[in-house]
Structure formats: C-alpha cells, structure tokens
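See structure below.
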Amino acid sequence: MLSAKIGHESVRVADFTHLPGPARFLAFMPQWEFLDFLSGEARKYPTFHLAMKCEVESLGAPIDVLWMKLSCSPFDPAEPFVRFGAGYIFIAIDREHDYQCGLVIVKGSFDAIQSLGLDSFRARIAAAAPRFAGRVAELATWDDVKLLTVAVDRLRHWAKPGLLCIGDAAHAMSPLGGVGINLAIQDAVATANILSGPLREGTLSLAHLEQVQRRRLLPTRVIQRG
C-alpha cells in the first residue's frame, strides 16, 4: 500500500496487493548499487566501454531534490510516506534501518536554502513532515544533505551503427514517481522484442536499432512533458 498526504487529507495512491506472481511485493534497491552491478557485469565483455558525464540535448527541469537520511521509529507505519503541500513535496522511503527522505525544491535554490542556515532547513523539514520533527536534529551538518540536480533531456538520435542508447542513456527523466526506471524497463523489453530475431539470424542493421527509437519515442515525449 502507498498513501500520500495532500494538505490534511490522506489519499491511497497505490495498492500492490494485486501484483501477479508468487512474490507479491516490491523491493527497493539503491540506484547507484544497481548501476555499479550492471557496469561491473558489462565490463566482463571485451568490447564494452562506459562513457560518463556525457551531455546531450536538455529539455530543462524546474526542480531539484535534496536527499537525506532520518532514523526509523517502531511506531512508524510500514508504508512509504509522501506529503504534498504548498510549495513542496516530501517523500520518505523505509530502508528498514532508516528512512531515505527527499525534499523537492525549486531548481537552483539550494544555495539560498543553505544561506538561511541548517536550523531553518530542519524547521522546513519538520513543517513538511511533522512526524519527523523530533528527528531533524540528526541532520548535523550540510554534509548530511545531498543535492540531486534533476535533468530532463533526450537524445535526438538513439542509434548509430553498432550502438543503441536506451533508458537514461537516451532520455533522462525526473526522479518523481519512479518514471525513469519504468521507461527504461519498457525500453529494454521493446529492444529485446525487436532485436532478438535479427541478432539470432545475423541480420541486425541500423534500421532495426532505429526501430527501437520509433517504438519508444512517443511515450518518452509524453512522460517528459508531464
């Protein structure tokens, strides 16, 4: 179950009890650990090359996210916490031993927030999520607050001979709602469906790679505009 609090009203936004299959739950895994795992496995292939910090066409994003950890309490509900208010969105994801908390802020406003001091920031968190008011002192220094600069961008061309970009490599998404990972998985499924046959038959061409972009471009544009 996943609920969100909008103002003073609680709203049920997701119910995972209807998931098919024997494992009727969702598991959270830190993205950086998953990406490290993928890159480590990919490096076993002699032709693999990973290019970092490569810029592409940017569409702009109006927000950034401040991430921090706050402790768990035995009295906390077992579901993630999301609260929408005037000028903010606050989310807390239960990591068993602590909460991974995120505060959505206006893009580029972190310096101004820091200039007001850490006490002001703690008060802001307490106001956004009163149930964590007694724990904000755990934010001892600004080193406990990590800035995630949100980027929304998209490649003009996803494919070249011998190369296909999908997921974040083709279209960086907002972190809100987990849309990026969902789009990436859908990209991967479309890629497997389109390329598996030509790969088996040894007939893979640039036209097949470009077909993936044609299949996935519309949902990418729709989500990025949202």
Side-chain angles (χ1 to χ4, degrees), residues 1-14 26-37 39 52-55 58-153 168 172-181 224 226:
M1 297 288 189
L2 175 62
S3 298
K5 196 159 188 179
I6 303 176
H8 298 291
E9 182 177 357
S10 293
V11 178
R12 181 73 66 188
V13 296
L26 297 183
F28 288 99
M29 181 178 184
Q31 185 183 45
W32 52 89
E33 293 183 6
F34 180 61
L35 294 177
D36 285 344
F37 166 76
S39 61
M52 304 291 289
K53 298 181 179 179
C54 298
E55 295 185 1
S58 177
L59 305 179
I63 62 169
D64 290 326
V65 182
L66 299 179
W67 289 107
M68 66 216 79
K69 289 183 179 180
L70 294 174
S71 62
C72 290
S73 163
F75 304 104
D76 289 329
E79 63 183 34
F81 174 85
V82 182
R83 185 162 187 175
F84 297 82
Y88 71 85
I89 302 173
F90 182 87
I91 183 170
I93 302 171
D94 188 351
R95 300 294 194 190
E96 187 175 359
H97 301 296
D98 53 43
Y99 279 95
Q100 180 181 348
C101 301
L103 180 69
V104 177
I105 62 172
V106 175
K107 176 167 286 294
S109 65
F110 187 39
D111 287 345
I113 291 172
Q114 286 184 301
S115 70
L116 297 176
L118 195 56
D119 286 338
S120 173
F121 180 71
R122 295 190 190 106
R124 184 170 182 171
I125 297 299
R131 91 183 208 194
F132 293 101
R135 303 174 226 182
V136 294
E138 297 169 7
L139 303 174
T141 72
W142 285 112
D143 289 337
D144 296 323
V145 182
K146 308 301 182 184
L147 172 66
L148 171 62
T149 301
V150 176
V152 178
D153 48 38
D168 280 358
M173 313 295 288
S174 165
L176 298 181
V179 293
I181 185 62
Q224 286 185 327

At what distance, to the nearest 0.5 angstrom, does [atom1] of [X] lie from [atom2] of [Y]?
| X | Y | atom1 | atom2 | value |
| --- | --- | --- | --- | --- |
| Phe84 | Ile91 | CZ | CD1 | 8.0 Å |
| Leu66 | Phe90 | CG | CZ | 10.5 Å |
| Ser73 | Asp98 | OG | CG | 13.5 Å |
| Met68 | Arg135 | CE | CZ | 13.5 Å |
| Ile89 | Leu103 | CD1 | CG | 9.5 Å |
| Ile113 | Leu147 | CD1 | CG | 9.0 Å |

If every non-hydrogen atom of Phe132 is compared with every non-hydrogen atom of Ala92, which pair is closest and at what distance? CZ-CB, 3.7 Å

Just jot down the side chain to side chain donor-acceptor pair (under 3.5 Å) partners of Gln100, sequence neighbours excluded, or say none. Arg95

Would you call Leu116 and Phe121 a side-chain contact if the rule is heavy atoms closer than 4.5 Å? no

Answer yes or no: is there a side-chain heavy-atom contact under 4.5 Å between Leu70 and Leu139? yes

Backbone of Ser71 reached by a side-chain donor or acceptor of Glu138 within 3.5 Å: yes

Of all pairs that satisfy salt bridge (charged side-chain N to carboxylate O under 4.0 Å, His left out), the ones with a partner from residues 118-127, not counting sequence neighbours: Asp119-Arg122

